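Start at 1 with the first residue, then count along the sequence. Counting starts at 1 for both ligands and their atoms, following the listed order. From a predicted model like this one, the values you see are computed outputs, not experimental measurements.
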Amino acid sequence: MSEWQRAVKQDSVATLEALAERFGRDAIDVEALGPAFDSFQMRITPAALEQIKAVGDPMWNQYVPTVQELEVVDGVADSLDEDADSPVPNITHRYPDRALFLVSPVCATYCRFCTRRRKVGDPEKIPLNQFDSAFAYLREHTEIRDVILSGGDPMMLSDRRLEYLLQQLRAIPHIEIIRIGSRITSHLPERITPEFCAMVQKYHPVYMNTHFNHPDELTPAAVAALDRLSRAGVPLGCQTVLLKGVNDDPKVMLELMHRLLKARVRPYYIYMADQVAGGEHFRTTVQKGLEIIQALRGWTSGLAVPHFVIDAPGGGGKVPLLPEYVESITDDEVVFRNYEGKRFVYRQPAAALAARLHGVG
Ligand SMILES: *Cc1c(COP(=O)(O)O)cnc(C)c1O
């Protein structure tokens with residue numbers, strides 16, 4: 001067993017003990033939380049535990065169960081209807097040229113807001129022994145040029161298993177790029193071993209989309225892991241989830257984006273929190289997300305501004321949302337405001353105006 005595998009072996013009882021030791025026995029009501037544990041297990045790596053500084057802080061809120069998980073208002077289990085778009089086990093094929101491939105049922109640490117909490121942590125729901133039909137599907141569908149490995153966390157697989165997956169995918173000529181969606185650089189940075197970095201380079205282009213929600217997650221160990229990946233030629237992006245009590249504040253988001261860029265990670269998406277049963281207490285308004293984008297765009301490097309998207313409930317896919325910069329669009333002109341709220345006018349090409357006057361086009 002490698003060092004990182006030993007680090008995730010500790011069970012939730014040990015984690016509860018560690019939490020009680022640091023924050024006091026009253027910090028968690030284990031009895032009241034029983035059903036929350038039952039519906040979605042708790043698992044927190046030592047690295048994630050280390051990031052929790054106080055009860056109810058942004059890290060605590062992400063990883064420690066609360067009774068609020070049991071209050072289901074309008075949340076649903078499969079809020080993105082992923083199972084409806086699954087032609088074979090482990091594959092969700094929703095967009096024309098890319099597919100999601102669930103390759104691991106487990107994560108190093110479980111995020112309480114997880115969209116896939118219905119499946120994650122349960123090896124029966126993300127089976128590891130049914131990859132043949134998934135590979136056959138990817139081989140047959142020559143329109144798929146981008147495969148996103150997800151789960152659970154793909155980086156919980158051994159290097160041997162990951163290499164097998166990468167080899168199988170690279171044997172399919174129409175697959176151009178492979179992406180790994182993983183939160184491991186935050187939760188278990190030691191997983192990014194020199195051996196993994198040497199292996200992954202043989203299968204480029206392999207991208208990694210990381211997942212950081214708060215600036216304090218960019219610990220020295222996480223930054224070092226990101227550096228190893230960059231040196232291995234893995235382009236890094238970050239998917240952040242907008243979460244009440246974690247990062248629903250423009251100042252926090254700005255600092256997060258700056259710290260990511262310093263670690264050579266390009267912010268990619270900010271997601272609206274999904275309407276998933278058990279995670280509703282993390283939801284905030286869409287206006288809050290727009291306010292955050294408005295506070296970033298123009299005020300800081302464009303590189304620091306991710307796309308703000310809602311993954312449409314019911315399986316519509318990701319839809320980008322922008323603050324309202326445009327006041328009016330006609331064939332003559334476009335009136336818009338800049339990041340400071342100043343008004344500007346862009347004249348449309350004269351040809352469009354002439355064509356309209358002459359009743360053609
Ligand atoms: C997010 C997602 C993708 C990838 O979308 P991009 O916008 O290309 O990052 C692909 N398939 C599914 C089902 C997804 O949810």
Side-chain angles (χ1 to χ4, degrees), residues 75-105 107 111 113-120 125-127 130-131 133-135 137-155 165 169 172 174-183 185 205-213 229 234-243 257 260 265-277 279 286 289 293 303 305-322:
V76 289
D78 183 8
S79 61
L80 303 178
D81 253 349
E82 291 186 321
D83 295 341
D85 275 344
S86 179
V88 295
N90 300 51
I91 296 274
T92 296
H93 189 190
R94 165 161 300 159
Y95 292 108
D97 68 343
R98 54 213 189 281
L100 193 66
F101 185 3
L102 304 186
V103 296
S104 164
C107 293
C111 308
F113 52 89
C114 182
T115 292
R116 286 194 203 111
R117 50 188 290 154
R118 71 186 187 282
K119 290 191 170 192
V120 166
K125 294 191 180 150
I126 302 180
Q130 294 187 19
F131 286 178
S133 62
F135 288 130
Y137 183 87
L138 295 171
R139 265 193 297 273
E140 276 162 33
H141 287 260
T142 54
E143 72 276 21
I144 296 173
R145 37 159 292 289
D146 175 2
V147 173
I148 298 138
L149 303 181
S150 184
D153 196 318
M155 294 302 293
L165 283 169
L169 295 174
I172 304 174
H174 53 268
I175 295 178
E176 296 172 359
I177 67 170
I178 298 169
R179 298 192 242 176
I180 300 173
S182 172
R183 217 180 165 183
T185 49
V206 180
Y207 287 65
M208 185 179 284
N209 257 330
T210 64
H211 177 170
F212 289 88
N213 292 328
L229 287 166
V234 178
L236 300 172
C238 179
Q239 319 203 84
T240 295
V241 185
L242 175 57
L243 300 166
M257 301 311 156
L260 287 168
V265 180
R266 171 75 160 95
Y268 181 51
Y269 283 142
I270 293 178
Y271 288 99
M272 206 54 207
D274 291 321
Q275 292 172 256
V276 60
V286 173
I293 296 299
L303 283 172
V305 188
H307 302 285
F308 172 46
V309 297
I310 300 187
D311 217 333
K318 298 173 186 69
V319 177
L321 296 180
L322 272 181

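Taken to the nearest 0.5 Å, the CG atom of Asp311 stands 11.0 Å off from the CG atom of Asp81.
Here the side chains of Val305 and Met257 are not in contact, with every heavy-atom distance at 4.5 Å or above.
Taking any N or O of Arg94, backbone or side chain, none lies under 3.5 Å from an N or O belonging to ligand 1. By the 3.5 Å distance cut-off applied to N or O atoms, Thr92 is not counted among the residues near ligand 1.
Of the possible polar contacts, none joining the His174 side chain to the Glu176 backbone as a donor-acceptor pair under 3.5 Å is found. The backbone N or O of Leu303 lies less than 3.5 Å from a partner atom in the side chain of Arg266, making a donor-acceptor pair.
Remark: the Ser79 side chain and the Asp274 side chain contain no N/O donor-acceptor pair separated by less than 3.5 Å. Between the side chains of Asn213 and His211, a donor-acceptor pair is found at a separation under 3.5 Å.
Scanning Tyr268, Tyr207, Tyr95, Phe101 for the heavy atom closest to atom 6 (P) of ligand 1 points to Tyr268.
For atom 7 (O) of ligand 1, the closest non-hydrogen atom of the protein is Tyr269 OH, 2.5 Å. Looking from atom 8 (O) of ligand 1 to the surrounding protein, the closest heavy atom is Arg98 NE, 2.5 Å. Remark: minimum distance from atom 4 (C) of ligand 1 to any protein heavy atom is reached at Ile148 CD1, 3.4 Å.
Classified by interplanar angle (parallel below 30°, tilted 30° to 60°, perpendicular above 60°), the ring pair His141/Tyr137 is parallel.
Note on ligand 1: His93 sits outside its first shell, no heavy atom being nearer than 4.0 Å.
Under 4.0 angstrom from ligand 1, the non-hydrogen atoms of Arg179 all belong to its side chain. Residue contacts with ligand 1 for Glu82 are absent, since no atom lies close enough (heavy atoms, distance under 4.0 Å). Within the 4.0 Å heavy-atom criterion, the part of Lys318 lying near ligand 1 is the side chain and not the backbone.
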